[in-house]
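Read through the structure below, which is laid out as C-alpha cells, and then see the notes.
To find a chain, count down the sequence lines: A is the first, B the second, and so on, and within it residues start at 1. Being a predicted model, the structure only gives us computed values, none of them experimental.
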Amino acid sequence: MSSQEEQVQQRAANLDAIIRHGVAPYPSRFERQHTVSELVATHQEKSHDALESEQPRTVTGGRILAIRSFGKANFLVLSDGRSKLQVYVRQDALPPLDFQIFELLDFGDWVGVEGRLFRTRTNELTIWAGRLHFLAKCLLPLPEKWHGLTDVETRYRQRYLDLAVNPEARRVFEVRSRVVSAIRELMTARGFLEVETPMMQPIAGGALARPFRTHHNALDMDLYLRVAPELYLKRLVVGGMERVFEINRNFRNEGISTQHNPEFTMMEFYQAYADYRDLMTMTEELLPAVAHRAIGTDQITFGDHQLSLAAPYARLSLRQAASAAASDRLNQAITEADLRDRDRAAAVAGRLGIDVRPGHGAGKIATGIFEALCEDGLRQPTFVYDFPTEVSPLSKQKADDPDTVERFELYIGGFEVANAFSELNDPLEQRRRFEAQLDDRASGDLEAHEMDEDYIRALEYGLPPTAGEGVGIDRLVMLLTNCPSIRDVILFPLLRKRD
RNA sequence: GACCUGGUAGCUCAGUGGUAGAGCAUCUGACUUUUAAUCAGAGGGUCGCGGGUUCGAUCCCCGCCCGGGUCACCA
C-alpha cells in the first residue's frame, strides 16, 4: 500500500470510528460566535493578565492546520483561511466523548471549538477548549505545514490546496476583490452606471483579436464569445446613458503567457462629452485611489522596481518614442516623418529585424517598432499617445492629422494596463474604417475587425462626443500584488486537460 | 508554433548505468503550556508514459504527456 493509500485509509477509519461514537460525520450547521480572524483582531494586543481577568469566551471553528500532541495535553492550530489561532486541548477540560473525538482528528479536519482565551507560557494567544465539535473530515493528506505547496501546477489545478496552506495566495485574491469593489465605488461615485452587455455576440467586435466560437442549438446560430464589450457600451451612450461602465470577462483565442490568459477581466467605461485627454486625467486619479483602497498605498514594488502610481504620469507620443528608440538602436537619425512614410518605415523596421508583412502600412510598422523597442522599458506609469489611425479602427482622428487618432495606452511595469480613446462617432468614417479592416481580413489578418452594420446604424442615430477606456484588471492586480504571472492572480487559470 | 528547463514517497527536495534517500506527513509507544514540539521504533516508490541501447536504465538515446521560462502573437 502506498503512503497515500495508507493515509487515506487511516483517515477513513477515523471517520468510521467517529460515526460509531454516534457523532454526525457531516453536520448541517455550526454557529460560531466569532471567526478566528475576529478573535485574533480583538485579543492580539491583550496581555496574559488582561485575558485572565477578562476570561473572554468564544465559539469558533476552522480547519486544523497542525496538531501537536503530548498525550493528555494537545495543541491544534485552527485556521479560518485568513488567520490562525492555537487551541489547547487537555483531557481533563473536555467531556470524555469530545476527547475521544479529538483523538480521531487528522490534520486538515474541520472542527468547532468552545472555550476561553488565554495566553500560554510562551505567550501565545490560545483557546482553552471546553468543547470540541466535529464538522467535516479531510480524507486526503494536505500538503506539508512547513514548506506549504510550491508546485505551481498543483497550485493552479487545485487552488483549494493553495488557499488552504499558503496564506499569500489568500492575500492576492483579497487584494483582487478590493480592487474590483474600489473601482465599482469610485466609478459609481463619478456618476457612472454599471451595466452588463452580451458576452455571446453574433459579431466579435470592439477589439482586434481572434474570438472563440460557440453555437446556440435552439436558434441554430453561431456565436462568438466577446473579445470586448466596446460596441455595445457605445450603443448605450447613443441611447442616452452618458456614463456607463462594465466589469467582466473578455475572451481571446490567442496565446497564453505570463501576461495573457484566454479569459481575462476588463473594466471598460464610456463618458459622453469627454475626450482622451480627460481620460488621462481621470486615470491618474482612479489608479492611485484604487491602490490606496486595495493595498493602502500608491507606491508599489514590482519585481526589481519601485513604482509610483501617484499622478502625474509620464506622457510619450508613440511615433516620437519609436523614432527616438530606432535612432538610438541604429545610431542614425530616424525622424517621425520617416515612420509616416511606408517605404522608409519598412526599411527601418527591416534593419531592426522587425517583421513587416505586405499588407502593413506605415502605421502598423511604426506601432511594431514601438512595441519591439519601447514597451519593456516603460516601468513607471506612462501614457503612450497619438496612435496611427491604421491600428485604431474605432478611434477618432486628430482634427489636424488624419493619420493619427486621439488614443493612448497606459504602460506600467513594462506592459499595457489600459487603452483609451476619443470615440469615432462619424458613421461614414466608421464605415470606411470597417471596410479597410475587411481588406486586411481578406489578405489574411484573422484579427481584423468585421463589419457591424447595426453599430454603424447606431452611430447614424448620433453618438455624442465620447471617450472610452478599458482597464485590465488582472494586470492591475499583478502590479498591486507583485505577481509576475497573470496565473497568480486568476483563481483558476486555463491549463491543459490532465488525464 | 520554436527554443530552454523541469516531472523521484501525500508534501518539500537530494541522488546514482548495478537492491532508491532525507525532512515533514502517516502508523506504534512515551509525554497535561507546546509551537517546524521532542525521543524510540515501523511502514510507505510502476523515479510522468511508451519505445530503444545495455548483461542490467530512475540515470544514456528517441517519441509522447503535463508544467515553468524566453520568443513569436496579443491586452
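Taking CE from M200(A) and OG1 from T214(A), the interatomic distance works out to 5.5 Å, rounded to the nearest 0.5 Å.
Contact annotation: R475(A) does not reach the phosphate of rA75(B) (side-chain N/O to OP1 or OP2, under 4.0 Å). For R496(A), a side-chain nitrogen or oxygen approaches OP1 or OP2 of rG67(B) to under 4.0 Å. Taking only side-chain nitrogens and oxygens, R68(A) never comes nearer than 4.0 Å to OP1 or OP2 of rU34(B). Taking only side-chain nitrogens and oxygens, T120(A) never comes nearer than 4.0 Å to OP1 or OP2 of rU34(B). For R157(A) and rG67(B), the shortest distance from a side-chain N or O to OP1 or OP2 is below 4.0 Å. Note on K497(A): every side-chain N or O is 4.0 Å or more away from OP1 and OP2 of rC66(B). Within the 4.0 Å cut-off from OP1 or OP2 of rC27(B), at least one side-chain nitrogen or oxygen of Q10(A) is found. Contact annotation: T154(A) side-chain N/O to rG10(B) OP1/OP2 distance is not under 4.0 Å.
A distance of about 38 Å separates the C1' atoms of rU19(B) and rG69(B), rounded to the whole Å. Remark: the separation of the P atoms in rC27(B) and rG10(B) is 15 Å, to the nearest Å. For the P atoms, the distance from rU16(B) to rC73(B) is 41 Å, rounded to whole Å. Comparing rC39(B) with rU58(B), their P atoms sit 36 Å apart, to the nearest whole Å. Only the P atoms considered, rU54(B) is 37 Å distant from rC11(B), to the nearest whole Å. Taking atom P in both rC65(B) and rA22(B), one finds a spacing of 35 Å when rounded to whole Å. Comparing the same atom, C1', in rA20(B) and in rA9(B) gives a spacing of 11 Å after rounding to whole Å. Across the P atoms, rA57(B) and rC49(B) are found 15 Å apart, a figure rounded to whole Å.
Judged by atom type and distance alone, E144(A) does not reach the base of rG10(B) through any side-chain donor-acceptor pair under 3.5 Å. Interface remark: the Q86(A) side chain does form a donor-acceptor pair with the rU34(B) base, using a distance-only criterion of under 3.5 Å.
Between the CG atom of N14(A) and the P atom of rU28(B) there is a distance of 9 Å, given to the nearest Å. Between the P atom of rU32(B) and the CH2 atom of W128(A) lies a distance of 14 Å, rounded to the nearest Å. Rounded to an integer number of Å, the gap from CG of L76(A) to C1' of rU32(B) is 14 Å. Straight-line distance from the CZ atom of F107(A) to the P atom of rA25(B): 9 Å, rounded to whole Å. Across the protein-nucleic acid pair, E5(A) atom CD and rC27(B) atom C1' stand 15 Å apart, rounded to whole Å. Atom CD1 of I256(A) and atom P of rG69(B) are 11 Å apart (whole Å). Going from atom NZ of K364(A) over to atom C1' of rC73(B) covers 13 Å, rounded to whole Å. For the pair I490(A) CD1 and rA75(B) P, the interatomic distance rounds to 16 Å; values are reported in whole Å.
A cation-pi arrangement is present between R407(A) and F387(A) under the rule of less than 6.0 angstrom and at most 45 degrees off the ring axis. The side-chain tip of R116(A) points at the ring of F118(A) from less than 6.0 angstrom away and within 45° of straight on.
Look at rU16(B): it lacks any Watson-Crick or wobble partner with both distances under 3.5 angstrom.
For T258(A), counting side-chain heavy atoms from C-beta on, the closest listed nucleotide (rG67(B), rG10(B), rG69(B)) is rG69(B). In this structure, of rC11(B), rU33(B), rG44(B), it is rC11(B) that holds the atom nearest to the side chain of L149(A). Nearest nucleotide to the R121(A) side chain, out of rU33(B), rU26(B), rC24(B): rU33(B). The side chain of T150(A) sits closest to rU12(B) out of rU12(B), rG44(B), rU33(B). The side chain of F70(A) sits closest to rU32(B) out of rU32(B), rG68(B), rG43(B).
Annotation for L287(A) and Y313(A): closest pair CB-OH, 3.5 Å, computed over non-hydrogen atoms.
In this structure, V290(A) and L309(A) have side chains that are not in contact, with every pair of non-hydrogen atoms separated by 4.5 Å or more. Looking at V113(A) and H133(A), their side chains never come closer than 4.5 Å, going by heavy atoms from C-beta outward.
Between D92(A) and I486(A), it is D92(A) whose nearest contact on RNA chain B lies nearer the 5' terminus.
F212(A) and F251(A) have perpendicular rings, their planes meeting at more than 60° on a 0 to 90° scale where under 30° would count as parallel.
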